[in-house]
Number of protein chains: 2
Amino acid sequence: MAGPGRGVTIADVAARAGVAASTVSYVLSGKRSISPETADRVMQAVADLGYHPHAGARSLASRRAGVIAMMLPLRDGMHLPVLMQFASGAVTEARRHDQDVLLMTADEGPAGLARVAASAIVDGLILMDVEVRDPRVETLRRLGLPSVLIGFPADAEGLTCVDLDFTAAGRACAEYLRERGCGDIALLGASEAVYARRTGFAERVREGFLGRSGPATVQPCPDDPVSVQRTVKELLAANPDLNGLAVHNEPAVGHVMHALADAGKRVGEDFHVVVIGPDEVAERVHPQLPSVLVPAETLAETAVRHLMRKLDGLDVPDSTLVEPQLTIR
Amino acid sequence: MAGPGRGVTIADVAARAGVAASTVSYVLSGKRSISPETADRVMQAVADLGYHPHAGARSLASRRAGVIAMMLPLRDGMHLPVLMQFASGAVTEARRHDQDVLLMTADEGPAGLARVAASAIVDGLILMDVEVRDPRVETLRRLGLPSVLIGFPADAEGLTCVDLDFTAAGRACAEYLRERGCGDIALLGASEAVYARRTGFAERVREGFLGRSGPATVQPCPDDPVSVQRTVKELLAANPDLNGLAVHNEPAVGHVMHALADAGKRVGEDFHVVVIGPDEVAERVHPQLPSVLVPAETLAETAVRHLMRKLDGLDVPDSTLVEPQLTIR
DNA sequence: TTCCTCAATCGAAGCGCTTCGACGAAGGTT
DNA sequence: AACCTTCGTCGAAGCGCTTCGATTGAGGAA
């Protein structure tokens, strides 16, 4: 049952290396200078015994848990693959800094934040999918726990926020279509609900998209096949000269393409389409379409890196916008 | 900066309630009988001060971290929304047992397991997407850390495994189609790669599906639109009398429906389709199709519950198959 | 040579909690 | 009345680690 490595303490390592426990600690942390010979002996003992410091003991003594929390939204409307990419990116980056990641769901709310803060189970916090008016933000401020937000709340004063530059993404789409000679363009977005809820997100794409001169329409749209068919049909009817479309609604893309085909549009020839969405989904399902990627992994890495800097007492920019990338295939 | 609740220790609570620290501990854990009056006073002090036990100290003293690890696969081929549902279900259930969840990715491999085990950062482990030959299984055995696997490795001896009863799912699909009067039925599965890798999963659906009498075909299939179109076309050509189709490939469903429509099949009338897939995706995107759900959340809850029992020294069945549910709309 | 500095190491004091053994005060038995 | 239980509570001993002086010896400055 008890395999090797189970129950190996710093005292065991110290004994084997013929030094004091504190010396082992200093070798491992590098906080005091140790002669190379001693360090070698200690490291050898660590390897021989398969020693890993007891996380609880360490956190108790050093007031550093070596764990950060990541609070994911788990509600409708989020595109789940993006979340997974995000989670994956965050865990990977955190491990690079020797940190583990504790998973929380948004439904724990402010109370959850208070709990992890008070129990010192984590050193810092990453909050995803922050809304314009987010009840967690006030608690976060009060707790004074180092944190990084993905998204921008209404009052970002004193908080560290990271997000995709959605305005730039919208602009990039419009530019792409204009360059292809499209005179009348439209943006097919997410459902109304998303617009209503997260001004900071869909709104910014819309702004970027509309920022350019020339006729442009923005049309929210649910992602079920029937609604997509109808919406596209109506859009084409209302804008007879429409020849460029940006789709900011990943699950709907397939249906949009079908609707366009049904309407006799030849995409890539007299009609152009560009997608805003998460990395790989767009690539795998619609290899033919150009797309502006939501670089979920980069976003996660940036967030974690910023948090690490904060934990080390270094300073980080209050606001970081990650550049979107337009990929043309 | 330092909000309320920051730095409140058990001693503070004890002082305020006028008892010894150990008494507070016993009130909180219920491990010794305490008079109702004292308990009340202690609980009041806890509430007043916003006390939360220090996780590190607790884990050091009690040898229980109050955290379980969940190792997610983060590689191609998994359907990501299912993972998220799973993660969500696991976290929610874990919180019900006052546990937190540490997120690990499969690429940490056996070494990752050894690390979390030795550092006592977690009390137990949930491994998702376990393959038939999984390198983590041997390490797991050696570590002797309580764990629950989702999926079945080749040698499940002594391990606790939970999974959907895929055989039953395949059987349910075949039965559904037969009942609708389909004489010649087929199963459109995932890509060849999936079959090659995880015998335990796609294979079992196939077995259940083929178990019934009558003509039946099984056809692996990638999930991009072009391949789906081709595969369906070929399938129909090879089986002219085909009038029932089970699709075990969620992302392909939309394309399948289009291909069938193109081929002049009237689904729901002279042709029947049933989907095997994750809960909500099927529901949202194809509300009209009957489906056998992969109850990711139930699976996660079951896994966590089993793990909790193991941590409490209770016994659990070695192998648990969760019943699929055929939903007809 | 004597004194001082600095690098390398040690020992001890906690960090905040759980848990074990004691102990006084009731209440029950003879 | 003397004894044994049982109940409710306390104090102290650690859990394994980090960290803060203190200590030693060697090298340089005076």
Side-chain angles (χ1 to χ4, degrees), chain A residues 5-43 45-46 49-67 98 115-123, chain B residues 5-43 45-46 49-67 98 115-123:
Chain A
R6 200 89 185 86
V8 178
T9 75
I10 199 171
D12 300 331
V13 175
R16 181 175 244 262
V19 299
S22 51
T23 302
V24 175
S25 178
Y26 285 125
V27 169
L28 260 29
S29 70
K31 292 191 179 174
R32 280 197 186 174
S33 63
I34 296 287
S35 72
E37 299 78 40
T38 305
D40 281 355
R41 232 161 350 111
V42 168
M43 292 313 283
V46 165
L49 300 176
Y51 169 71
H52 289 267
H54 186 290
R58 171 175 278 193
S59 105
L60 182 56
S62 70
R63 343 214 96 243
R64 271 277 223 142
V67 178
D98 265 308
R115 179 178 65 83
V116 294
S119 66
I121 197 176
V122 301
D123 300 323
Chain B
R6 200 91 186 85
V8 178
T9 74
I10 200 173
D12 300 331
V13 175
R16 181 176 243 261
V19 298
S22 51
T23 302
V24 175
S25 178
Y26 286 125
V27 169
L28 260 29
S29 69
K31 292 191 178 173
R32 279 198 185 175
S33 65
I34 296 286
S35 71
E37 300 78 41
T38 306
D40 282 355
R41 237 168 337 119
V42 168
M43 292 313 283
V46 166
L49 300 176
Y51 169 71
H52 289 266
H54 186 289
R58 169 175 280 197
S59 104
L60 182 55
S62 70
R63 344 212 94 240
R64 272 276 224 140
V67 179
D98 266 308
R115 180 178 66 83
V116 294
S119 67
I121 197 176
V122 302
D123 301 322

Please list all pairs meeting salt bridge (Lys or Arg N to Asp or Glu O under 4.0 Å) that have one or both residues in [range], counting only residues at least two apart or in different chains.
| range | answer |
| --- | --- |
| residues 17-28 of chain A | none |
| residues 12-29 of chain B | B:Arg16-B:Asp48 |
| residues 18-29 of chain B | none |
| residues 20-43 of chain B | none |

Nucleic acid footprint by protein, nucleotides 14-20 of chain D - heavy-atom cut-off 4.0 Å, B for base, S for sugar-phosphate alone: BBBBSBB

B:Ser33 near the nucleic acid: base, sugar-phosphate alone, or nothing, with a heavy-atom cut-off under 4.0 Å?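 Base contact.
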
Under the salt bridge (Lys or Arg N to Asp or Glu O under 4.0 Å) test, which residues partner A:Arg115, sequence neighbours left out?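 Only A:Glu108, B:Asp100 meet the salt bridge (Lys or Arg N to Asp or Glu O under 4.0 Å) criterion with A:Arg115.
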
If the condition is side-chain hydrogen bond (donor to acceptor under 3.5 Å, both in side chains), which residues does B:Arg64 pass it with, not counting sequence neighbours?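 B:Arg64 satisfies side-chain hydrogen bond (donor to acceptor under 3.5 Å, both in side chains) with B:Asp312 only.
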
With heavy-atom distances below 4.5 Å as the criterion, would you say the side chains of A:Val42 and A:Ile34 are in contact? no

Given D:dG8, is OP1 or OP2 found less than 4.0 Å from the side-chain N or O atoms of B:Thr38?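 So the side-chain polar atoms of B:Thr38 never come under 4.0 Å of the phosphate oxygens OP1 or OP2 of D:dG8.
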
Through what angle, rounded to 10 degrees, does the axis of the helix from C:dT1-D:dA30 to C:dT30-D:dA1 turn between its ends, using five pairs per end?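 Between the first-five-pair axis and the last-five-pair axis there is 50°.
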
Residues pairing under side-chain hydrogen bond (donor to acceptor under 3.5 Å, both in side chains) where one sits in residues 21-30 of chain A, two or more places apart or in two chains, turn out to be none

